[in-house]
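What follows is a set of notes on a single structure, which appears directly below.
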Amino acid sequence: MPHEQRSGAPVSRISYENDIPVTANVEAESWAAALTPRLAQFAAVARHEHVTRAAQEMGVPQSTLSRAMVRLEEDLGVALFARRGRTVALTPAGRTFLHSVERALAEVDRAAESVRADADPTAGLVSFGFLHTLGTETVPGLIRSFRVDHPRVRFQLVQNYGEAMLERMRAGGLDLCLTSPVPDAPDLVARRLDEQRLRLVVPDDHRLAGRRRVRLAEAASELFVTLEPGYGLRRITDALCAEAGFTPRIAFEGEEAETLRGLVAAGLGVALLPPPAVPRPGVAELTVTAPRAVREIGVAWLDGHPDTPPVAAFKKFLLSRRGQLLT
């Protein structure tokens with residue numbers, strides 16, 4: 001019987017002795033590609049123990065299904081059926097194979113239902129990343145407002161620093177992220193949504209604590225506590241200090257803005273930080289008049305990446321909040 005040659009899955013011709021296939025030569029890495037198209041057909045034949053009835057259920061010609069089962073046995077090098085005309089019975093090897101095939105097909109069904117559910121316009125999933133400093137008030141407020149019109153949409157929320165979120169998004173783990181600075185990369189689309197003033201935070205017994213406004217150059221001699229290199233706020237801090245004419249002397253580096261505020265309150269340095277969600281005792285927060293100390297907040301997504309309906313709806317909502325994100 002002639003057989004079609006599959007690309008990427010070389011198979012040697014085999015011989016049968018007493019209807020038992022002797023050998024096969026399918027490369028190990030090609031098993032899934034070689035066998036998957038025939039697994040549902042195999043399960044149907046095994047369930048009906050009759051090729052014609054299985055073919056009717058599958059909506060394929062009986063001859064096509066018969067050839068598919070022969071080819072499956074050839075590829076495996078194992079007899080899966082004992083044949084009596086068009087009636088078949090599973091061999092012990094066939095029964096063992098069926099158990100695994102049924103589990104595999106059930107897993108495919110679950111996977112299909114899962115992705116369909118995530119794409120559901122009314123109750124789908126949005127994987128959304130954002131900076132730690134936006135997690136206390138900004139993001140909860142955004143989601144609450146969005147769900148007024150989309151009450152059943154689900155969110156997978158990820159808090160991290162900007163570069164880590166962008167890499168996770170590139171790897172397929174996020175649909176959208178709020179980050180700062182607004183990224184400029186050829187594989188991303190980014191839109192500026194708002195800007196947030198940064199304050200010079202000093203201990204409440206500091207020489208500048210009684211001031212309301214300060215030029216950043218007045219803190220040139222101070223020790224700074226900052227986020228670690230790689231964080232967007234660290235890059236902004238370094239750039240603002242350079243614009244003010246000095247390189248900050250770093251006393252401590254951390255991963256979270258409120259931890260830095262605690263270090264400032266303990267008298268261990270000063271910091272450039274966004275406003276706190278709740279005023280913190282032990283510190284004074286000063287407006288920086290020069291240079292203009294702000295950070296831009298933007299939303300980013302992968303260029304050319306198709307959106308599911310819930311992601312598209314949330315993206316549209318975020319873009320509608322341009323200039324009002326932090327209010």
Side-chain angles (χ1 to χ4, degrees), residues 130-138 159-167 177-185 190 192-298 300 323 325-327:
F130 52 92
L131 302 170
H132 289 282
T133 50
L134 301 177
T136 304
E137 291 186 337
T138 301
Q159 291 177 270
N160 213 324
Y161 67 98
E163 286 302 319
M165 286 193 296
L166 296 181
E167 288 308 307
C177 70
L178 285 182
T179 188
S180 177
V182 180
D184 181 13
R192 180 186 179 278
L193 295 180
D194 215 334
E195 66 177 26
Q196 187 175 47
R197 283 196 168 273
L198 302 178
R199 300 172 176 178
L200 182 67
V201 184
V202 302
D204 61 4
D205 59 355
H206 191 272
R207 62 183 176 86
L208 297 173
R211 303 265 297 274
R212 293 182 61 188
R213 295 178 175 82
V214 64
R215 289 178 295 107
L216 188 56
E218 296 179 72
S221 62
E222 301 290 336
L223 292 174
F224 276 72
V225 295
T226 71
L227 296 179
E228 294 177 349
Y231 283 70
L233 188 56
R234 171 62 179 272
R235 296 200 300 275
I236 293 170
T237 296
D238 290 345
L240 288 172
C241 290
E243 190 175 347
F246 69 96
T247 299
R249 295 185 299 140
I250 308 300
F252 295 93
E253 295 175 332
E255 297 181 344
E256 203 274 323
E258 287 311 302
T259 299
L260 300 187
R261 265 194 179 80
L263 294 173
V264 172
L268 300 175
V270 302
L272 277 171
L273 296 173
V278 178
R280 175 145 192 167
V283 300
E285 310 225 356
L286 314 179
T287 299
V288 178
T289 58
R292 187 168 182 267
V294 298
R295 66 170 181 172
E296 291 187 334
I297 308 294
L325 185 76
L326 304 174
T327 58

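- Under the side-chain hydrogen bond (donor to acceptor under 3.5 Å, both in side chains) criterion, the residue pairs touching residues 223-234 are T226-R234, R234-D238, R234-E253, with sequence neighbours excluded.
- Closest non-hydrogen pair, L227 versus A257, comes out as CD2-N, 4.2 Å.
- With contacts defined as side-chain heavy-atom distances shorter than 4.5 Å, the pair E163/P183 does not qualify.
- Residue pairs that meet the salt bridge (charged side-chain N to carboxylate O under 4.0 Å, His left out) test with at least one member in residues 256-272, sequence neighbours left out, are E258-R261, R261-E285.
- The OG1 atom of T287 lies 14.5 Å from the CZ atom of R215; values are rounded to the nearest 0.5 Å.
- Residues R249 and S221 approach most closely at NH2-O, 2.6 Å, considering heavy atoms.
- If you run side-chain contact (heavy atoms from CB on, under 4.5 Å) between R197 and each of L326, V288, V294, only V294 comes through.
- Salt bridge absent: E218 and R207 never bring a charged side-chain N and a carboxylate O closer than 4.0 Å.
- If you take CG on N160 and CG on L131, they are separated by 9.0 Å, rounding to the nearest 0.5 Å.
- By the 6.0 Å contact criterion, CG on D205 is enclosed, its count of non-hydrogen atoms from other residues, nucleotides or ligands being greater than 12.
- Considering only heavy atoms from C-beta on, S180 stays 4.5 Å or farther from L233 through its side chain.
- Taking all atoms of both residues into account, the shortest heavy-atom contact from P276 to P279 is CG-CA, 4.3 Å.
- What you find for R295 and T133 is that their closest heavy atoms are NH2-OG1, 2.5 Å.
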Given V202 and V214, is the side-chain contact (heavy atoms from CB on, under 4.5 Å) satisfied, shown in steps?
-> CA-CA 11 Å; V202 302; V214 64; over 6 Å; no
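- Annotation: the span from H206 atom NE2 to L200 atom CG amounts to 7.5 Å, rounded to 0.5 Å.
- Heavy atoms only, all atoms of each residue included: G254 and L260 are closest at N-CD2, 4.0 Å.
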Side-chain donor/acceptor pairs under 3.5 Å, residues 263-274, sequence neighbours excluded:
none

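- Annotation: side chain to side chain donor-acceptor pair (under 3.5 Å) contacts of H132 (sequence neighbours excluded): none.
- To the nearest 0.5 angstrom, I250 atom CD1 is 8.0 Å from T237 atom OG1.
- Under the rule for a salt bridge (charged side-chain N to carboxylate O under 4.0 Å, His left out), R212 has no partner lying at least two apart in sequence or in another chain.
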Does the side-chain contact (heavy atoms from CB on, under 4.5 Å) test come out yes or no for L216 and F246, once each step is laid out?
-> CA-CA 9 Å; L216 188 56; F246 69 96; 4.1 Å; yes
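- The two atoms that bring T179 and G162 nearest to each other are OG1-CA, 3.2 Å, heavy atoms only.
- In this structure, the salt bridge (charged side-chain N to carboxylate O under 4.0 Å, His left out) partners of R292, at least two apart in sequence or on a different chain, are E195.
- Taking OG1 from T247 and CZ from F224, the interatomic distance works out to 11.0 Å, rounded to the nearest 0.5 Å.
- Between Q159 and F130 there is a side-chain heavy-atom pair separated by less than 4.5 Å.
- The distance from the CD1 atom of I297 to the CG atom of L193 is 9.0 Å, given to the nearest 0.5 Å.
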